[in-house]
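This one's a predicted model, so the numbers in the text were calculated from it and none came from an experiment. As a basis for the values below, the full set of heavy atoms in this structure was taken, side chains included, without hydrogen atoms, waters or symmetry mates. Letters A, B, ... mirror the listed sequences (proteins, then strands); counts begin at 1.
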Protein chains: 2
Amino acid sequence: MVSAPLTAERPGTDSKERLRLWIRLLRASRSIESELRERLKRDFGSTLPRFDVMAALYRETGGMAMTDLSRFLLVSNGNVTGIVDRLVADGYVARSKREGDRRTSIVRLTAAGREIFARMAEAHEAWVDELLAGVGEMEARELSSKLKAFRSDWEG
Amino acid sequence: MVSAPLTAERPGTDSKERLRLWIRLLRASRSIESELRERLKRDFGSTLPRFDVMAALYRETGGMAMTDLSRFLLVSNGNVTGIVDRLVADGYVARSKREGDRRTSIVRLTAAGREIFARMAEAHEAWVDELLAGVGEMEARELSSKLKAFRSDWEG
DNA sequence: CGCAGATATTTCAAGTATGAAATTTTAATG
DNA sequence: CATTAAAATTTCATACTTGAAATATCTGCG
(Lines give C-alpha, C1' and ligand atoms only; values in the text may rest on other atoms or scores of the structure.)
Protein backbone atom coordinates (compact mmCIF):
# COMPACT_ATOMS: atom_id res chain seq x y z
CA MET A 1 0.00 0.00 0.00
CA VAL A 2 1.34 3.37 -0.95
CA SER A 3 -0.97 5.83 0.74
CA ALA A 4 -1.60 7.31 4.16
CA PRO A 5 -3.11 5.64 7.25
CA LEU A 6 -6.78 4.94 6.87
CA THR A 7 -8.24 3.61 10.08
CA ALA A 8 -9.02 5.45 13.30
CA GLU A 9 -6.26 5.79 15.85
CA ARG A 10 -6.44 3.88 19.06
CA PRO A 11 -4.98 5.66 22.06
CA GLY A 12 -1.71 4.34 23.42
CA THR A 13 -0.32 3.00 20.13
CA ASP A 14 2.31 4.22 17.70
CA SER A 15 0.78 2.22 14.93
CA LYS A 16 -0.10 5.24 12.82
CA GLU A 17 3.45 6.46 12.87
CA ARG A 18 4.77 3.03 11.95
CA LEU A 19 2.27 2.73 9.16
CA ARG A 20 3.37 6.07 7.82
CA LEU A 21 6.97 4.92 7.97
CA TRP A 22 6.15 1.75 6.08
CA ILE A 23 4.37 3.66 3.35
CA ARG A 24 7.29 6.02 2.94
CA LEU A 25 9.70 3.14 2.85
CA LEU A 26 7.68 1.43 0.18
CA ARG A 27 7.26 4.52 -1.95
CA ALA A 28 10.93 5.36 -1.68
CA SER A 29 12.10 1.94 -2.73
CA ARG A 30 9.58 1.74 -5.54
CA SER A 31 10.61 5.05 -7.06
CA ILE A 32 14.27 4.22 -6.89
CA GLU A 33 13.71 0.73 -8.19
CA SER A 34 11.71 2.03 -11.08
CA GLU A 35 14.38 4.54 -12.00
CA LEU A 36 17.11 1.91 -11.83
CA ARG A 37 15.08 -0.53 -13.93
CA GLU A 38 14.61 2.10 -16.59
CA ARG A 39 18.28 2.91 -16.81
CA LEU A 40 19.32 -0.72 -16.76
CA LYS A 41 17.09 -1.35 -19.70
CA ARG A 42 18.10 1.79 -21.55
CA ASP A 43 21.86 1.40 -21.15
CA PHE A 44 22.28 -2.37 -21.01
CA GLY A 45 19.05 -3.89 -22.29
CA SER A 46 18.80 -5.74 -19.00
CA THR A 47 16.49 -5.94 -16.00
CA LEU A 48 16.71 -5.63 -12.25
CA PRO A 49 16.10 -9.32 -11.49
CA ARG A 50 18.87 -10.28 -13.88
CA PHE A 51 21.13 -7.74 -12.27
CA ASP A 52 20.34 -9.18 -8.85
CA VAL A 53 21.18 -12.71 -9.91
CA MET A 54 24.39 -11.64 -11.61
CA ALA A 55 25.39 -9.58 -8.58
CA ALA A 56 25.02 -12.59 -6.32
CA LEU A 57 27.02 -14.78 -8.68
CA TYR A 58 29.68 -12.14 -9.22
CA ARG A 59 30.84 -12.37 -5.65
CA GLU A 60 30.49 -16.13 -5.38
CA THR A 61 33.20 -17.06 -7.80
CA GLY A 62 32.66 -20.76 -7.15
CA GLY A 63 29.02 -20.53 -8.12
CA MET A 64 25.84 -21.03 -6.11
CA ALA A 65 23.11 -23.63 -5.81
CA MET A 66 19.68 -22.50 -6.99
CA THR A 67 18.29 -22.74 -3.50
CA ASP A 68 21.01 -20.57 -2.01
CA LEU A 69 20.47 -18.06 -4.76
CA SER A 70 16.74 -17.84 -4.15
CA ARG A 71 17.19 -17.63 -0.39
CA PHE A 72 19.75 -14.88 -0.73
CA LEU A 73 17.66 -12.85 -3.14
CA LEU A 74 14.47 -13.31 -1.11
CA VAL A 75 12.54 -14.67 -4.06
CA SER A 76 10.91 -18.02 -4.76
CA ASN A 77 12.92 -20.86 -6.22
CA GLY A 78 10.63 -21.21 -9.20
CA ASN A 79 11.36 -17.61 -9.98
CA VAL A 80 15.10 -18.05 -10.04
CA THR A 81 14.79 -20.92 -12.50
CA GLY A 82 13.27 -18.64 -15.12
CA ILE A 83 15.72 -15.80 -14.68
CA VAL A 84 18.69 -18.16 -14.80
CA ASP A 85 17.23 -19.86 -17.88
CA ARG A 86 17.26 -16.58 -19.72
CA LEU A 87 20.74 -15.67 -18.52
CA VAL A 88 21.98 -19.05 -19.70
CA ALA A 89 20.33 -18.49 -23.08
CA ASP A 90 22.23 -15.22 -23.33
CA GLY A 91 25.50 -16.90 -22.44
CA TYR A 92 26.06 -14.98 -19.20
CA VAL A 93 25.50 -17.85 -16.81
CA ALA A 94 26.38 -21.56 -16.91
CA ARG A 95 24.90 -24.48 -15.03
CA SER A 96 26.93 -27.44 -13.81
CA LYS A 97 26.41 -30.42 -11.55
CA ARG A 98 27.94 -30.91 -8.15
CA GLU A 99 30.05 -33.99 -7.57
CA GLY A 100 28.19 -36.56 -5.53
CA ASP A 101 24.79 -34.87 -5.58
CA ARG A 102 22.98 -34.93 -8.86
CA ARG A 103 20.07 -32.94 -7.49
CA THR A 104 22.03 -29.78 -6.95
CA SER A 105 22.88 -27.64 -9.94
CA ILE A 106 25.56 -25.02 -9.52
CA VAL A 107 25.23 -21.82 -11.49
CA ARG A 108 28.01 -19.35 -12.11
CA LEU A 109 28.81 -16.38 -14.31
CA THR A 110 30.62 -17.05 -17.55
CA ALA A 111 33.55 -14.85 -18.57
CA ALA A 112 31.15 -12.85 -20.75
CA GLY A 113 28.79 -12.54 -17.81
CA ARG A 114 31.49 -11.26 -15.49
CA GLU A 115 32.62 -8.77 -18.05
CA ILE A 116 29.17 -7.36 -18.69
CA PHE A 117 28.25 -7.32 -15.04
CA ALA A 118 31.34 -5.38 -14.03
CA ARG A 119 30.23 -2.58 -16.31
CA MET A 120 26.65 -2.72 -15.09
CA ALA A 121 27.72 -2.66 -11.45
CA GLU A 122 29.80 0.43 -11.99
CA ALA A 123 26.95 2.29 -13.64
CA HIS A 124 24.52 1.02 -11.02
CA GLU A 125 26.61 2.32 -8.18
CA ALA A 126 26.88 5.72 -9.80
CA TRP A 127 23.11 5.82 -10.33
CA VAL A 128 22.39 4.99 -6.72
CA ASP A 129 24.88 7.60 -5.68
CA GLU A 130 23.07 10.12 -7.83
CA LEU A 131 19.58 9.14 -6.72
CA LEU A 132 20.53 9.29 -3.05
CA ALA A 133 22.62 12.41 -3.45
CA GLY A 134 20.53 14.12 -0.78
CA VAL A 135 21.77 11.75 1.88
CA GLY A 136 25.15 12.54 3.42
CA GLU A 137 27.56 9.79 4.41
CA MET A 138 26.83 10.15 8.10
CA GLU A 139 23.12 10.11 7.53
CA ALA A 140 23.37 7.15 5.21
CA ARG A 141 25.26 5.26 7.88
CA GLU A 142 22.61 6.07 10.48
CA LEU A 143 19.64 5.19 8.33
CA SER A 144 21.40 2.06 7.24
CA SER A 145 21.95 0.76 10.72
CA LYS A 146 18.40 1.55 11.75
CA LEU A 147 17.02 -0.30 8.80
CA LYS A 148 19.21 -3.24 9.59
CA ALA A 149 18.06 -3.19 13.18
CA PHE A 150 14.34 -3.17 12.70
CA ARG A 151 14.49 -5.97 10.25
CA SER A 152 16.33 -8.35 12.51
CA ASP A 153 13.65 -7.88 15.14
CA TRP A 154 11.16 -10.18 13.54
CA GLU A 155 13.30 -12.21 11.21
CA GLY A 156 15.63 -14.82 12.62
CA MET B 1 20.15 -5.70 -6.08
CA VAL B 2 20.14 -7.15 -2.65
CA SER B 3 23.78 -7.63 -1.80
CA ALA B 4 26.77 -5.58 -0.71
CA PRO B 5 28.82 -3.08 -2.73
CA LEU B 6 30.90 -4.72 -5.40
CA THR B 7 33.14 -2.20 -7.08
CA ALA B 8 36.30 -0.55 -5.78
CA GLU B 9 35.92 2.61 -3.74
CA ARG B 10 37.05 5.87 -5.19
CA PRO B 11 38.43 8.34 -2.66
CA GLY B 12 36.31 11.35 -1.87
CA THR B 13 32.92 9.70 -2.43
CA ASP B 14 30.20 8.42 -0.14
CA SER B 15 28.87 6.19 -2.86
CA LYS B 16 29.65 2.97 -1.00
CA GLU B 17 27.68 4.11 2.01
CA ARG B 18 24.75 5.16 -0.15
CA LEU B 19 24.81 1.87 -1.99
CA ARG B 20 24.73 0.02 1.30
CA LEU B 21 21.77 2.13 2.37
CA TRP B 22 19.93 1.37 -0.83
CA ILE B 23 20.49 -2.35 -0.44
CA ARG B 24 19.22 -2.29 3.12
CA LEU B 25 16.21 -0.27 2.09
CA LEU B 26 15.39 -2.73 -0.63
CA ARG B 27 15.86 -5.80 1.53
CA ALA B 28 13.76 -4.31 4.30
CA SER B 29 10.87 -3.43 2.07
CA ARG B 30 11.01 -6.77 0.28
CA SER B 31 10.85 -8.76 3.49
CA ILE B 32 7.98 -6.75 4.86
CA GLU B 33 6.15 -6.80 1.57
CA SER B 34 6.51 -10.54 1.36
CA GLU B 35 5.18 -11.04 4.86
CA LEU B 36 2.22 -8.76 4.20
CA ARG B 37 1.43 -10.50 0.92
CA GLU B 38 1.39 -13.85 2.65
CA ARG B 39 -0.99 -12.71 5.37
CA LEU B 40 -3.25 -10.90 2.95
CA LYS B 41 -3.61 -14.10 0.99
CA ARG B 42 -4.01 -16.29 4.05
CA ASP B 43 -6.60 -14.17 5.82
CA PHE B 44 -8.44 -12.52 2.95
CA GLY B 45 -7.56 -14.44 -0.18
CA SER B 46 -6.32 -11.18 -1.64
CA THR B 47 -3.10 -9.66 -2.92
CA LEU B 48 -1.00 -6.58 -2.31
CA PRO B 49 -1.71 -4.89 -5.66
CA ARG B 50 -5.43 -5.31 -5.06
CA PHE B 51 -5.03 -3.90 -1.59
CA ASP B 52 -3.16 -0.92 -3.00
CA VAL B 53 -5.86 -0.16 -5.51
CA MET B 54 -8.62 -0.53 -2.96
CA ALA B 55 -6.74 1.67 -0.49
CA ALA B 56 -6.51 4.44 -3.04
CA LEU B 57 -10.18 4.18 -3.89
CA TYR B 58 -11.23 3.95 -0.27
CA ARG B 59 -10.15 7.49 0.45
CA GLU B 60 -11.37 8.90 -2.85
CA THR B 61 -15.06 8.41 -2.27
CA GLY B 62 -15.89 10.03 -5.58
CA GLY B 63 -13.75 7.57 -7.50
CA MET B 64 -10.61 8.04 -9.55
CA ALA B 65 -9.61 8.02 -13.19
CA MET B 66 -7.38 5.15 -14.26
CA THR B 67 -4.53 7.52 -15.00
CA ASP B 68 -4.67 9.13 -11.57
CA LEU B 69 -4.76 5.73 -10.00
CA SER B 70 -1.69 4.52 -11.84
CA ARG B 71 0.19 7.73 -11.17
CA PHE B 72 -0.63 7.58 -7.50
CA LEU B 73 0.36 3.95 -7.14
CA LEU B 74 3.56 4.40 -9.16
CA VAL B 75 2.67 1.61 -11.55
CA SER B 76 1.98 1.53 -15.28
CA ASN B 77 -1.48 2.24 -16.63
CA GLY B 78 -1.69 -1.08 -18.42
CA ASN B 79 -1.07 -2.75 -15.11
CA VAL B 80 -3.93 -0.98 -13.36
CA THR B 81 -6.34 -2.09 -16.07
CA GLY B 82 -5.78 -5.74 -15.22
CA ILE B 83 -6.02 -5.34 -11.47
CA VAL B 84 -9.19 -3.29 -11.75
CA ASP B 85 -10.65 -5.84 -14.18
CA ARG B 86 -10.31 -8.55 -11.57
CA LEU B 87 -11.67 -6.35 -8.80
CA VAL B 88 -14.66 -5.55 -10.99
CA ALA B 89 -15.18 -9.25 -11.67
CA ASP B 90 -15.24 -9.81 -7.91
CA GLY B 91 -17.77 -7.04 -7.42
CA TYR B 92 -15.53 -4.83 -5.30
CA VAL B 93 -15.02 -2.08 -7.83
CA ALA B 94 -17.30 -0.43 -10.40
CA ARG B 95 -16.47 1.55 -13.53
CA SER B 96 -18.48 4.51 -14.74
CA LYS B 97 -18.16 7.24 -17.32
CA ARG B 98 -17.51 10.89 -16.65
CA GLU B 99 -19.97 13.41 -17.97
CA GLY B 100 -18.64 15.21 -21.00
CA ASP B 101 -15.54 13.06 -21.53
CA ARG B 102 -16.15 9.61 -22.79
CA ARG B 103 -12.46 8.73 -22.70
CA THR B 104 -12.17 8.86 -18.94
CA SER B 105 -13.52 5.99 -16.93
CA ILE B 106 -14.03 6.56 -13.23
CA VAL B 107 -13.53 3.63 -10.91
CA ARG B 108 -14.78 3.44 -7.35
CA LEU B 109 -15.30 0.91 -4.59
CA THR B 110 -18.68 -0.73 -4.35
CA ALA B 111 -20.38 -1.09 -0.98
CA ALA B 112 -19.07 -4.64 -0.80
CA GLY B 113 -15.61 -3.37 -1.66
CA ARG B 114 -15.67 -0.75 1.08
CA GLU B 115 -16.83 -3.26 3.59
CA ILE B 116 -14.13 -5.81 2.79
CA PHE B 117 -11.44 -3.21 2.55
CA ALA B 118 -12.20 -1.73 5.94
CA ARG B 119 -11.50 -5.10 7.49
CA MET B 120 -8.34 -5.61 5.47
CA ALA B 121 -7.02 -2.17 6.36
CA GLU B 122 -7.48 -2.82 10.04
CA ALA B 123 -5.58 -6.10 9.87
CA HIS B 124 -2.95 -4.54 7.66
CA GLU B 125 -2.27 -1.76 10.09
CA ALA B 126 -1.90 -4.21 12.95
CA TRP B 127 0.52 -6.32 10.90
CA VAL B 128 2.70 -3.37 10.05
CA ASP B 129 2.63 -2.37 13.67
CA GLU B 130 3.78 -5.84 14.60
CA LEU B 131 6.44 -6.09 11.91
CA LEU B 132 7.91 -2.71 12.82
CA ALA B 133 7.56 -3.25 16.55
CA GLY B 134 11.27 -2.59 17.00
CA VAL B 135 10.86 1.01 15.90
CA GLY B 136 9.67 3.45 18.53
CA GLU B 137 7.34 6.30 17.69
CA MET B 138 10.09 8.90 17.82
CA GLU B 139 12.36 6.85 15.67
CA ALA B 140 9.61 6.12 13.21
CA ARG B 141 8.96 9.82 12.89
CA GLU B 142 12.63 10.52 12.26
CA LEU B 143 13.13 7.77 9.72
CA SER B 144 9.92 8.78 8.04
CA SER B 145 10.92 12.36 7.51
CA LYS B 146 14.36 11.39 6.25
CA LEU B 147 12.87 9.02 3.74
CA LYS B 148 10.49 11.68 2.60
CA ALA B 149 13.32 14.15 2.25
CA PHE B 150 15.70 12.10 0.16
CA ARG B 151 13.01 11.16 -2.26
CA SER B 152 11.93 14.68 -3.01
CA ASP B 153 15.50 15.55 -3.97
CA TRP B 154 15.33 13.98 -7.37
CA GLU B 155 11.62 13.70 -7.98
CA GLY B 156 9.59 16.79 -8.67
C1' DC C 1 18.96 -53.85 1.06
C1' DG C 2 14.32 -51.29 0.94
C1' DC C 3 11.68 -47.53 1.52
C1' DA C 4 9.71 -43.40 4.00
C1' DG C 5 10.92 -38.81 4.36
C1' DA C 6 13.82 -34.94 3.31
C1' DT C 7 16.19 -31.91 -0.43
C1' DA C 8 16.94 -29.64 -4.88
C1' DT C 9 14.98 -28.20 -8.85
C1' DT C 10 11.58 -27.64 -12.44
C1' DT C 11 7.01 -27.12 -14.08
C1' DC C 12 2.74 -24.94 -14.02
C1' DA C 13 -1.28 -21.78 -13.41
C1' DA C 14 -2.55 -17.35 -12.20
C1' DG C 15 -1.54 -12.73 -11.20
C1' DT C 16 1.59 -8.73 -11.62
C1' DA C 17 4.48 -5.55 -14.17
C1' DT C 18 6.42 -2.79 -17.98
C1' DG C 19 6.51 -0.22 -22.26
C1' DA C 20 4.86 0.18 -26.75
C1' DA C 21 1.22 0.06 -30.07
C1' DA C 22 -3.62 0.50 -31.06
C1' DT C 23 -8.29 2.73 -30.04
C1' DT C 24 -11.29 6.10 -28.96
C1' DT C 25 -12.44 10.59 -27.91
C1' DT C 26 -11.39 15.44 -27.20
C1' DA C 27 -9.21 19.87 -28.12
C1' DA C 28 -6.86 23.15 -30.97
C1' DT C 29 -5.74 25.39 -35.03
C1' DG C 30 -5.84 26.93 -39.60
C1' DC D 1 -15.33 22.52 -40.64
C1' DA D 2 -11.26 19.44 -41.33
C1' DT D 3 -7.08 17.95 -39.79
C1' DT D 4 -3.73 17.26 -36.44
C1' DA D 5 -2.11 16.85 -31.96
C1' DA D 6 -3.10 15.47 -27.32
C1' DA D 7 -5.19 12.61 -23.72
C1' DA D 8 -7.32 8.28 -21.53
C1' DT D 9 -7.61 3.48 -21.83
C1' DT D 10 -6.94 -0.96 -23.47
C1' DT D 11 -4.41 -4.49 -25.75
C1' DC D 12 -0.36 -7.00 -26.45
C1' DA D 13 4.20 -9.27 -26.04
C1' DT D 14 7.45 -10.33 -22.77
C1' DA D 15 9.30 -10.89 -18.32
C1' DC D 16 8.76 -11.53 -13.36
C1' DT D 17 6.62 -13.60 -9.23
C1' DT D 18 4.45 -16.68 -6.15
C1' DG D 19 3.01 -21.04 -4.24
C1' DA D 20 1.82 -25.57 -5.18
C1' DA D 21 2.52 -29.84 -7.54
C1' DA D 22 5.58 -32.90 -9.98
C1' DT D 23 10.44 -35.02 -10.56
C1' DA D 24 14.51 -36.66 -9.32
C1' DT D 25 17.82 -37.72 -5.96
C1' DC D 26 19.63 -38.50 -1.51
C1' DT D 27 19.62 -40.09 3.52
C1' DG D 28 18.54 -42.57 7.42
C1' DC D 29 16.61 -46.30 9.63
C1' DG D 30 14.76 -50.89 10.20
Side-chain angles (χ1 to χ4, degrees), chain A residues 1-2 26 29-31 33-42 44-54 63-90 92-93 95-107, chain B residues 1-2 26 29-31 33-42 44-54 63-90 92-93 95-107:
Chain A
M1 133 131 136
V2 197
L26 191 49
S29 65
R30 280 194 190 170
S31 332
E33 226 175 327
S34 139
E35 186 66 27
L36 291 176
R37 172 178 40 247
E38 213 173 299
R39 298 184 184 198
L40 219 38
K41 179 172 189 181
R42 184 195 60 193
F44 297 97
S46 190
T47 68
L48 229 27
R50 285 158 92 108
F51 183 86
D52 290 354
V53 166
M54 293 179 85
M64 286 177 90
M66 296 296 279
T67 297
D68 297 336
L69 203 42
S70 89
R71 230 193 306 271
F72 179 69
L73 297 175
L74 308 177
V75 300
S76 68
N77 43 4
N79 186 4
V80 176
T81 297
I83 298 168
V84 166
D85 280 351
R86 285 181 283 273
L87 285 172
V88 168
D90 289 346
Y92 297 150
V93 164
R95 286 184 219 253
S96 59
K97 283 296 174 190
R98 179 154 67 193
E99 288 283 314
D101 191 340
R102 273 174 304 184
R103 291 171 304 180
T104 311
S105 98
I106 302 293
V107 290
Chain B
M1 142 132 126
V2 197
L26 191 50
S29 65
R30 280 194 189 168
S31 331
E33 227 176 325
S34 140
E35 185 67 27
L36 292 176
R37 172 178 40 247
E38 213 172 299
R39 297 185 185 196
L40 218 38
K41 179 171 190 181
R42 184 195 59 193
F44 297 96
S46 190
T47 67
L48 229 26
R50 285 158 93 108
F51 183 86
D52 290 354
V53 167
M54 293 180 85
M64 286 176 91
M66 296 297 279
T67 298
D68 297 337
L69 203 43
S70 88
R71 230 192 308 270
F72 179 69
L73 297 175
L74 308 177
V75 300
S76 66
N77 42 5
N79 185 5
V80 176
T81 297
I83 298 168
V84 166
D85 280 351
R86 286 181 282 271
L87 285 171
V88 168
D90 290 348
Y92 296 149
V93 165
R95 287 184 218 252
S96 59
K97 284 296 173 190
R98 179 155 66 193
E99 289 283 312
D101 190 341
R102 272 175 303 185
R103 290 172 303 182
T104 312
S105 97
I106 302 294
V107 291

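Between the C1' atom of dT10(D) and the CG atom of L69(B) lies a distance of 15 Å, rounded to the nearest Å. In this structure, CG of D85(B) is placed 14 Å from C1' of dC12(D), rounded to the nearest angstrom. For R42(B) and dG19(D), the CZ to P distance is 12 Å, given to the nearest whole Å.
For T67(B), there are no side-chain hydrogen bond (donor to acceptor under 3.5 Å, both in side chains) partners, not counting sequence neighbours. Residues satisfying the side-chain contact (heavy atoms from CB on, under 4.5 Å) test with S76(A), not counting sequence neighbours, are N79(A). Not counting sequence neighbours, the partners of N77(B) by the side-chain contact (heavy atoms from CB on, under 4.5 Å) test are S70(B). With sequence neighbours left out, the side-chain hydrogen bond (donor to acceptor under 3.5 Å, both in side chains) criterion links D85(B) to R95(B). Listed by chain and residue number, D101(A) satisfy the side-chain hydrogen bond (donor to acceptor under 3.5 Å, both in side chains) test with R103(A) (two or more places apart in sequence, or in another chain). Partners of R39(A) under the salt bridge (Lys or Arg N to Asp or Glu O under 4.0 Å) rule, at least two apart in sequence or in another chain, are E35(A), E130(A). The side-chain hydrogen bond (donor to acceptor under 3.5 Å, both in side chains) check on D90(A) picks up R50(A), with sequence neighbours excluded.
Considering CG of L26(A) and CG of L36(B), their distance stands at 9.0 Å, rounded to 0.5 Å.
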- Nucleotide-resolved protein contact map, nucleotides 1-9 of chain D, B/S/- at heavy-atom distance under 4.0 Å: -----BBSB
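Between V84(A) and L69(A) there is a side-chain heavy-atom pair separated by less than 4.5 Å. Within the 4.5 Å cutoff, the side chain of S46(B) has no heavy atoms near those of the K41(B) side chain.
Along DNA chain C, read 5' to 3', the first and last nucleotides having any atom under 4.0 Å from a heavy atom of chain B are dG15(C) to dT26(C).
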Just the atom pairs and distances: protein N or O near nucleotides 14-17 of chain D's N or O, under 3.5 Å.
from, atom 1, to, atom 2, distance (Å)
dC16(D), OP1, T47(A), OG1, 2.6
dC16(D), OP2, R86(A), NE, 2.3
dC16(D), OP2, R86(A), NH2, 2.6
dT17(D), OP2, N79(A), ND2, 3.4
dT17(D), O5', N79(A), ND2, 3.2

